[in-house]
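Below is one structure, written out as structure tokens; comments come after it.
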Protein chains: 2
Amino acid sequence: MSPYDPSAFPPFAVTVDLVVLTVRRHALCALVVRRGEPPFQGRWALPGGFVRGDEDLAAAAARELAEETGLCAHDPASPAPGNGAHLEQLATYGDPKRDPRMRVVSVAHLVLAPDLPAPRAGGDANSARWASVEDHLGQENGFGREGEQPAPLAFDHARILADGVERARSKIEYSSLATAFCPPEFTVGELRRVYEAVWGVALDPRNFHRKVTGTPGFLVPAGGTTTRQGGRPAQLFRAGGATVLNPPMLRPEV
Amino acid sequence: MSPYDPSAFPPFAVTVDLVVLTVRRHALCALVVRRGEPPFQGRWALPGGFVRGDEDLAAAAARELAEETGLCAHDPASPAPGNGAHLEQLATYGDPKRDPRMRVVSVAHLVLAPDLPAPRAGGDANSARWASVEDHLGQENGFGREGEQPAPLAFDHARILADGVERARSKIEYSSLATAFCPPEFTVGELRRVYEAVWGVALDPRNFHRKVTGTPGFLVPAGGTTTRQGGRPAQLFRAGGATVLNPPMLRPEV
DNA sequence: CCAAAAGTGTTAATCGTACACCCATGT
DNA sequence: ACATGGGTGTACGATTAACACTTTTGG
């Protein structure tokens with residue numbers, strides 16, 4: 001039990017893996033990269049990499065995110081500057097056999113990003129893409145495509161992705177995080193389509209509008225209007241300062 | 001960027017730290033141990049220890065818990081057997097300077113336990129105790145004692161404890177986890193006192209009774225009654241199978 | 001009898017839901 | 001004119017909060 005017994009300090013490699021979620025074409029999508037080396041060569045995996053010796057975990061996640069996407073994310077719990085995406089720690093995965101090469105503990109992080117142009121690969125080109133979450137997690141809510149299931153993600157990344165999606169789904173209920181999926185200025189309808197895509201449900205546009213505009217601090221008017229969705233021009237809003245929603249958004253049953 | 005460059009694999013020590021919470025004498029308490037060696041010798045700290053080379057993170061947390069308390073905890077996400085306490089992963093702390101000796105990444109776990117006899121120390125006697133959470137986190141809701149602030153916990157353990165308490169406070173809202181603070185059979189009043197201690201509020205006994213007995217799957221009658229609280233005998237209940245509470249328990253404002 | 005805690009009834013206010021209806025634009 | 005999405009009004013049922021009241025024990 002002496003903490004100075006070297007046999008009590010087995011060396012670990014520590015990595016960060018990223019669950020980067022966005023909403024594209026009314027579907028929840030995750031960023032995946034193609035592995036260039038074994039193990040799992042050629043398979044899709046979550047982006048990630050090793051934590052450096054003098055680097056905080058959140059900083060490592062932000063660095064990997066920037067390398068993979070060019071995004072500058074901001075962990076609200078850290079003083080680092082940021083714009084655009086939301087970043088938070090998700091969970092840590094440390095099964096002794098999760099990486100066949102060695103003992104690797106991975107601290108997974110969750111990133112919520114607005115719809116982006118085509119992802120830019122870290123080093124190799126055309127090796128990153130947005131994958132529909134339903135395709136990789138199986139049929140959900142009847143949205144799953146039949147047949148053509150893609151190969152499972154490498155390592156335990158399917159489990160990590162599932163945990164990240166579950167976290168996002170529950171967190172937009174009681175926080176204003178859904179705005180992280182939107183551009184800086186957005187309409188109530190765009191925000192509603194985010195909720196619909198993440199939850200896989202249809203929401204009543206009238207009640208949704210009352211709810212979000214009536215929750216203090218959730219949205220602040222940005223001044224202009226837009227007609228980019230067709231129909232009557234919609235007011236533009238920015239995310240308000242509130243982070244916790246009271247009362248919460250209610251996810252319809254089943 | 002080659003993943004086989006040894007300089008990209010800085011070695012880390014990986015530990016688990018435990019936030020073990022219980023309710024004693026109508027107060028939320030956390031298990032703390034006194035450190036026997038530097039750094040922070042003589043200061044209180046959260047229990048914890050190094051993860052072994054072939055050990056899963058949850059298994060390491062359960063092992064440390066058993067060593068410190070004799071409790072057999074059960075992580076619902078793992079197939080390990082267990083009785084009594086609830087165990088779940090909390091968060092991971094990896095600031096490069098959090099341990100002055102070396103680079104240590106600590107995977108904190110949260111344990112919710114029923115009121116226990118005096119804690120049993122791991123190796124040294126009388127080096128573990130239940131500490132009131134208010135004493136270590138400062139005044140909360142007017143409960144904080146004035147003067148006599150104890151020395152801060154070692155390392156970043158005050159932050160870890162605060163995160164664990166916050167997790168427990170929010171999780172008993174929408175899950176049946178509050179029963180983890182109760183013995184196997186308990187009364188509605190005892191469960192109410194758990195909520196009151198964890199949240200630091202007073203709840204209406206009548207409405208609370210209706211709420212918890214009316215939530216399907218939360219409580220199942222155990223058959224007997226008890227008068228251990230004085231007054232009219234109260235029915236005994238066991239925790240039902242439900243893990244998620246719908247509708248949730250509502251925490252009063254402020 | 002009285003204090004204390006358990007449990008039930010009732011009421012008014014609030015909240016969520018469903019849906020009718022009108023508004024402002026592009027085609 | 002019509003389709004499309006934006007936005008407001010309203011009515012009904014469900015949930016909550018507040019509190020009067022009865023029940024069953026111990027002292």
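Reminder, nothing fancy here: chain letters follow the sequence lines and each chain counts from 1. Note that the coordinates shown come from a computational prediction; the quantities given were computed from them, not determined experimentally. Values reported hereafter were calculated over all heavy atoms of this structure, with side chains retained and with hydrogens, waters and symmetry mates removed.
One distance of note links CD1 of A:I172 with CZ of A:R167; it measures 13.5 Å at 0.5 Å rounding. Between atom CZ of residue B:R192 and atom CE of residue B:M249 there is a gap of 10.5 Å, rounded to the nearest 0.5 Å. Taken from CD in A:Q229 to CD in A:E190, the straight-line distance is 5.0 Å, to the nearest 0.5 Å.
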Checklist entry - In B/S/- notation, 5' to 3', how is nucleotides 18-27 of chain D contacted by protein heavy atoms closer than 4.0 Å? => result BBB--BBB--
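In this structure, B:W130 contributes its side chain and B:R24 its backbone to no donor-acceptor pair below 3.5 Å.
B:H209 has a side-chain polar atom (N or O) that falls below the 4.0 Å cut-off from OP1 or OP2 of C:dG7.
B:F237 has its CZ atom 11 Å from the P atom of C:dA6, to the nearest Å. To the nearest angstrom, P of D:dA14 lies 16 Å from CG of A:L250. Counting to the nearest Å, the C1' atom of D:dG6 and the CZ atom of A:R228 are 14 Å from each other. Counting to the nearest Å, the C1' atom of C:dA6 and the CD atom of B:E190 are 12 Å from each other. Rounded to a whole Å, the CG atom of A:L236 is 14 Å from the P atom of C:dT25. Spacing between atom CG of B:N246 and atom C1' of D:dA14 amounts to 13 Å, rounded to whole angstrom units. In this structure, A:L203 places its CG atom 14 Å from P of C:dG16, rounding to the nearest Å. Residue A:R251 contributes atom CZ, which lies 14 Å from atom P of C:dT17 at whole-angstrom precision.
Using a cut-off of 4.0 Å between Lys/Arg side-chain N and Asp/Glu carboxylate O, B:D163 and B:R159 are scored as salt-bridged.
With A:W44 as the aromatic partner, A:R129 meets the cation-pi criteria of under 6.0 angstrom to the ring centre and within 45 degrees of the ring axis.
At the heavy-atom level, A:R192 lies under 4.0 Å from the strands shown only through sugar-phosphate atoms.
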